[in-house]
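Since the model is a prediction, treat every value here as computed from it, not as a measurement. For reference, positions follow the sequence shown, starting with 1.
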Amino acid sequence: MNILWYLIPISLALGALGLWLFFWALRSGQYEDVMGAAERILTDDDRPL
């Protein structure tokens with residue numbers, strides 16, 4: 001039962017860290033162009049070697 005005194009704060013800290021990283025990714029523009037990679041793979045503009 002004493003292990004809960006360690007596990008609860010650790011899990012809350014990890015959850016807060018994950019939430020902070022998610023909002024950081026939103027602010028830095030990670031989700032701005034979600035269809036760009038899907039459309040770029042379909043175009044054939046590669047230069048021959």
Side-chain angles (χ1 to χ4, degrees):
M1 198 66 175
N2 288 335
I3 194 73
L4 289 177
W5 290 107
Y6 297 110
L7 292 179
I8 290 174
I10 289 172
S11 65
L12 289 175
L14 286 175
L17 177 67
L19 190 63
W20 179 77
L21 287 173
F22 174 70
F23 284 122
W24 171 79
L26 281 177
R27 274 188 277 120
S28 68
Q30 294 292 320
Y31 301 110
E32 290 293 322
D33 188 21
V34 294
M35 292 301 293
E39 292 173 0
R40 272 190 302 256
I41 201 167
L42 297 175
T43 60
D44 190 24
D45 57 354
D46 295 333
R47 293 182 187 173
L49 296 175

Given a cutoff of under 4.5 Å between side-chain heavy atoms of I, L, V, M, F, W and Y, with clusters grown through shared members, what are the other residues clustered with I3?
Y6, L7

Who clusters with L4? Use side-chain heavy atoms, under 4.5 angstrom, across I, L, V, M, F, W and Y, and order the result by chain and number.
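Direct or chained contacts put L4 with M1, I8, L12.
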
I need the L21 CG to Q30 CD distance, nearest 0.5 Å.
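Answer rounded to 0.5 Å: 11.0 Å.
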
Output the distance between atom CG (N2) and atom CH2 (W5), rounded to the nearest 0.5 Å.
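Answer for the CG-CH2 pair, N2 versus W5, is 9.0 Å.
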
Of all residues at least two apart in sequence or in a different chain, which pass the side chain to side chain contact (heavy atoms under 4.5 Å, CB included) check with W20?
L17, R27

Going by the rule side chain to side chain contact (heavy atoms under 4.5 Å, CB included), which residues pair with F23 if we only count those two or more places apart in sequence or in a different chain?
L19, L26

